[in-house]
Every structure is written in C-alpha cells, then in structure tokens.
There are 2 protein chains.
Amino acid sequence: MARWEPDARGRLLHAAADLFAERGYEATTAAQIAERAGLTKTTLFRHFADKREILFQGQDALVALAVDGVAGAPAGSTPFEVLHAGILALCTMHPAEQRANQRGIDALLSSSPELQERAVFKRSTITEALRGSLADRLDDGRRAAVLADLGVRAYYGGFAVWIASPVDGPLADVVATELAAYEAAVGSLGSATLASSAAR
Amino acid sequence: MARWEPDARGRLLHAAADLFAERGYEATTAAQIAERAGLTKTTLFRHFADKREILFQGQDALVALAVDGVAGAPAGSTPFEVLHAGILALCTMHPAEQRANQRGIDALLSSSPELQERAVFKRSTITEALRGSLADRLDDGRRAAVLADLGVRAYYGGFAVWIASPVDGPLADVVATELAAYEAAVGSLGSATLASSAAR
DNA sequence: GTCTATACAATGATAGAC
DNA sequence: GTCTATCATTGTATAGAC
C-alpha cells in the first residue's frame with residue numbers, strides 16, 4: 001500500500017488548471033496550487049522546475065517529435081518535404097479533443113509577460129532543434145536555419161488559426177496549408193531575387 | 001547644486017558590470033549592486049524593471065532602428081534591399097570600441113539560463129518589429145516574416161562572428177556578408193523548389 | 001522628481017525526518 | 001516521495017525626506 005495518494009503530478013496539474021481558470025495565473029500562488037492538490041509547495045517544486053513550467057506541460061516532447069520527424073523523412077526528399085515531415089510530426093501532439101483546453105491555455109499566456117517570455121523560449125528551443133536536424137540532412141546550415149524558422153512559423157501560425165477556428169478539424173490540415181503558403185512566398189522571393197540579379 | 005550624486009543609473013550599471021565580472025551574475029545580488037553604487041535596492045528597481053534588464057541596457061533602441069531603417073529604404077528597392085536597410089541600421093548601435101565589452105556580456109549571458117531566456121525574448125521582439133515594418137512595405141505578410149527571421153539571423157550570426165574575431169573591423173561588414181550568404185541560400189531554395197515542381 | 005526606509009508577498013532552494 | 005521548517009532573494013508598496 002502506498003503511504004500517500006498516487007499521481008501527485010496529475011493532481012498538481014489539475015489544481016493549477018482550476019485555480020488559473022478561477023483567478024488567473026498571477027493571482028494564484030504556488031502554495032495555493034499545492035494546497036488544493038493536497039500537497040506542499042516543496043513537492044510542487046520537485047515536480048516542476050518553476051511555476052511557469054506548469055503551463056508548458058509536455059512541450060519538451062515537441063523537440064524529439066520534430067527531430068524524429070525530420071530524421072524519418074524518406075531519402076531523396078526535397079528540402080521542403082523534409083521540413084514537412086518534421087512539422088507535421090509536431091501536430092500529432094494536439095488531438096482535436098484538446099482544442100478547448102488549448103484555448104484556455106492560450107488565454108492565460110496572453111495575460112502574463114512572464115509566460116510570454118517562457119513561450120518564446122520554448123519556441124526558440126523547438127526551432128533550434130529543428131534547425132539542427134535539418135542541417136544534418138541538408139548540409140547547408142543557412143538553408144536549414146531558414147527552413148526551420150519558416151516551419152515553426154507555419155506551425156505556430158497554423159496552431160493559432162486552429163485554436164480560433166469555430167469548425168473542428170485536424171491541426172495538421174491547417175498547418176499544411178500554412179506551410180504551403182510559406183513555401184510559395186519563399187519561391188517567389190527566390191525567383192524575384194534571381195530575376196533582379198539576372199537583370200544587372 | 002544637486003542634493004544627491006548625479007547619474008544614479010550610470011553608477012548602477014558600472015557597479016553591476018564590476019560585480020558581475022568579479023563573481024558572476026547569479027552570485028551577485030541586487031542589493032550588492034545598489035550598495036556598491038551608493039544607493040538602495042529600491043532605487044535600483046526604479047531604474048531597471050528587473051535584475052536581468054541591467055544587462056540589456058539600450059537594447060530597446062534596436063527596435064526603433066530596425067523599423068526606421070526599413071521605412072527609410074528608397075522607393076523601388078527590392079525586398080532584400082529593404083531588409084538590408086533595416087538590418088544594417090541595427091549595426092550602428094555597436095561601434096568597434098565596444099567589442100571588448102560585448103565579449104564580457106556574451107560570456108555572462110551564456111552563464112545563466114535566466115539571461116538566455118531574456119536574450120531570446122529581446123531577439124523575438126526585434127524580429128517582430130522588423131516583421132511588422134517589412135509587412136507594411138512588402139504587402140505579403142509571410143514574405144515579410146521570412147525576411148525578418150532571415151535578417152535577424154544574419155544580424156545575430158554576424159554579431160557572434162564579430163565578437164569572436166581577432167581582427168578589428170566594422171560589424172556592418174560581417175553582417176552584410178552574412179546577409180548575402182542567407183540571400184544566396186534562399187535563392188537556391190526557391191529555384192530548387194521551382195525546379196522540382198517543374199519536374200513533375 | 002529622485003532617493004530612502006521599512007515592511008511585505010512570493011519564488012525557489014536546502015536540510016533533515018518519516 | 002513527501003513534509004516541516006527555515007532561508008535568501010527578487011520585486012512591490014507605502015510613506016516620507018530632500
């Protein structure tokens with residue numbers, strides 16, 4: 001028999017979600033979250049590095065998804081196809097059932113500068129991991145970097161559209177549309193540049 | 001006659017630079033900085049929003065530089081020429097004499113996760129401002145976003161090279177070289193995409 | 001309008017007991 | 001793993017001094 005109730009982490013997450021929804025992020029203290037979960041502040045900080053991390057639960061898995069997605073792209077893929085593989089792998093983290101949850105988290109994020117800073121950092125971590133794995137595949141570091149930025153933009157942009165949309169549908173569809181639009185924008189940029197330099 | 005010693009902000013910056021160099025960022029407390037400057041903690045936090053901001057002194061001006069640089073690009077410029085104008089404007093913030101200082105700041109940044117997070121946030125603020133002003137000029141939002149990412153990469157990448165380089169020279173030269181390299185990478189990406197889609 | 005004094009709330013770390 | 005307890009530090013708030 002366990003000497004304490006199981007799933008402390010899950011209880012903390014649940015308590016935090018409730019309290020953040022009730023009073024907002026800043027008005028909720030770490031001690032209050034712990035108390036509602038039937039635990040203490042010390043235990044909370046054993047499970048989460050800091051208060052902000054509670055809201056980014058599971059985000060760390062995105063890095064591995066992107067890297068594995070890129071690594072798993074078939075040989076002979078074009079650079080954009082490799083990128084697609086990495087970005088669409090990210091979408092598997094967000095099933096349609098969680099869309100309502102994500103809306104709530106999104107609202108919290110925009111309420112606190114502290115959380116926005118952390119969100120930007122997470123985004124940059126994903127971008128950097130993606131850039132690294134693309135660089136392994138593409139042997140041109142700068143091309144890999146540009147693709148990583150572009151892919152992450154499509155992912156986050158698609159995510160925002162998906163969250164805001166009234167109709168249910170898979171995130172991957174929206175993101176794929178975004179990716180195609182960015183691809184077109186880069187294509188026109190490339191050809192515009194070539195045309196203008198050819199004109200000289 | 002002043003009733004107190006002037007230039008409190010300057011003294012705080014100087015005291016912080018000394019203490020950070022002596023003991024590192026984390027081992028220096030806000031109270032110690034204030035004390036060495038002959039002030040109190042309260043005053044320090046009147047001049048800086050938080051401890052991290054002490055190390056990003058002046059960074060906020062970069063946003064205006066980028067925006068004004070883009071806005072000042074001559075009519076009829078190509079998208080890349082507009083971008084050049086914005087990015088090279090950023091370089092005016094960093095005269096060659098400050099290169100040694102920047103090296104010290106750079107070392108501190110890599111010593112603390114807290115500072116890295118703030119640095120990433122500053123970078124994203126600059127990117128976002130640049131993206132906005134490029135979007136005004138270029139009427140294609142996604143193209144503007146890709147260019148902003150690319151330009152900021154050239155700026156930060158060039159900055160790192162400039163910091164590390166043993167030879168003295170203007171930052172703008174290094175950054176211009178980076179920009180050209182990224183431009184070439186995007187050009188080849190665009191034509192590769194066009195070629196591969198044409199081949200179908 | 002800038003600084004000081006004091007008190008305060010909250011984060012996060014640490015040590016030792018169960 | 002969790003708890004109690006204590007602690008340093010950040011950052012805020014208030015009221016007053018010059």
Side-chain angles (χ1 to χ4, degrees), chain A residues 1-20 22-57 60 108-109 111-119 121-122, chain B residues 1-20 22-57 60 108-109 111-119 121-122:
Chain A
M1 271 308 181
R3 282 168 301 181
W4 54 80
E5 295 300 317
D7 193 24
R9 188 189 177 89
R11 266 157 46 223
L12 286 165
L13 284 169
H14 193 257
D18 285 356
L19 287 166
F20 291 160
E22 286 171 23
R23 341 179 167 174
Y25 174 80
E26 305 202 321
T28 305
T29 70
Q32 288 166 349
I33 297 169
E35 189 194 13
R36 179 164 303 198
L39 296 165
T40 62
K41 195 176 53 127
T42 310
T43 307
L44 187 154
F45 285 115
R46 278 180 44 76
H47 285 276
F48 301 97
D50 55 45
K51 190 182 158 191
R52 275 152 267 162
E53 283 300 306
I54 300 173
L55 268 162
F56 292 92
Q57 219 277 330
D60 293 345
L108 282 172
L109 290 197
S111 78
S112 154
E114 196 175 313
L115 290 175
Q116 284 162 42
E117 194 167 9
R118 179 59 54 86
F121 191 68
K122 295 285 184 189
Chain B
M1 269 309 187
R3 283 166 298 181
W4 55 79
E5 295 300 317
D7 194 24
R9 188 189 176 89
R11 267 156 47 223
L12 286 165
L13 284 170
H14 193 257
D18 285 356
L19 287 167
F20 290 160
E22 286 171 22
R23 340 180 169 173
Y25 173 81
E26 304 202 321
T28 305
T29 70
Q32 288 166 349
I33 297 168
E35 188 193 13
R36 180 164 303 197
L39 297 164
T40 63
K41 194 179 54 127
T42 310
T43 307
L44 187 153
F45 285 116
R46 280 179 41 77
H47 285 274
F48 301 95
D50 56 45
K51 190 181 157 192
R52 276 152 270 165
E53 282 301 303
I54 301 174
L55 268 163
F56 293 91
Q57 216 277 329
D60 293 345
L108 282 172
L109 290 198
S111 78
S112 154
E114 194 175 312
L115 291 175
Q116 285 163 41
E117 194 167 9
R118 179 60 53 87
F121 191 68
K122 295 285 184 188

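This one's a predicted model, so the numbers in the text were calculated from it and none came from an experiment. Hydrogens, waters and symmetry mates are skipped; everything else that's a heavy atom, side chains included, is used. The sequence lines fix the lettering, A, B, ..., with proteins before strands; numbering per chain opens at 1.
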message = Determine whether a donor-acceptor pair (N or O, by modelled atom type, separation under 3.5 Å) exists between the side chain of R118(A) and the backbone of R52(A).
response = no
query = Can you tell me if CD on E53(B) sees more than 12 non-hydrogen neighbours from other groups inside 6.0 Å?
reply = yes
key: Atom-pair distance (CZ on F45(A); C1' on dT11(C)), nearest Å   = 5 Å
query = Under 4.0 Å between a side-chain N/O of H47(A) and OP1 or OP2 of dT2(D), yes or no?
reply = yes
message = Could you tell me how far apart L44(A) (CG) and dG1(D) (P) are, to the nearest whole angstrom?
response = 16 Å
query = Which heavy atom in L44(B) sits nearest to a heavy atom in A30(B), and how many Å separate them?
reply = CD1-O, 3.5 Å
query = Between R52(B) and dG11(D), does any side-chain N or O lie under 4.0 Å from OP1 or OP2?
reply = yes
task = Could you pull out the closest heavy-atom pair between L108(B) and Y25(B), with the gap in Å?
result = CD2-N, 4.0 Å
query = Rounded to the nearest Å, what distance is computed from the CZ atom of residue R118(A) to the P atom of nucleotide dG12(C)?
reply = 8 Å
task = When you get a sec, tell me which of dT10(D), dT2(D), dT2(C) is the closest nucleotide to the side chain of R46(B)?
result = dT2(C)
Length of the CZ-P vector between F48(B) and dT2(C), whole Å = 14 Å
message = I need the minimum non-hydrogen distance between F45(A) and K51(A), along with the two atoms involved.
response = CE2-N, 4.0 Å
task = Quickly work out the E53(A) CD to dT11(C) P distance and round it to whole Å.
result = 15 Å
If you restrict it to nitrogen or oxygen atoms, what contacts under 3.5 Å exist between nucleotides 4-7 of chain D and the protein, and what is each distance?
{"from": "dA5(D)", "atom 1": "N6", "to": "T42(A)", "atom 2": "OG1", "distance (Å)": "3.3"}

key: Exercise: identify the closest heavy-atom pair between P6(A) and R11(A)   = O-NH1, 3.0 Å
task = Measure the distance from CZ on R23(A) to P on dA10(C) and round it to the nearest whole Å.
result = 11 Å
remark   = D50(A) CG to dT9(D) C1', in whole Å, measures 15 Å
key: Nucleic acid contacts - residues 24-35 of chain B versus DNA chain C, non-hydrogen atoms under 4.0 Å   = none
ask   = Where do P113(B) and S111(B) come nearest, in terms of heavy atoms and distance?
value = CD-O, 4.1 Å
message = Assuming nearest nucleotide by heavy-atom distance, tell me which of A8(B) and A49(A) is located more 5' along DNA chain C.
response = A8(B)
ask   = Which atom names give the shortest non-hydrogen contact between A34(A) and K41(A), and what distance separates them?
value = CB-N, 3.6 Å
task = Using a strict cut-off of less than 4.0 Å between a Lys/Arg side-chain nitrogen and an Asp/Glu carboxylate oxygen, indicate whether R36(A) and E22(A) qualify as a salt bridge.
result = yes
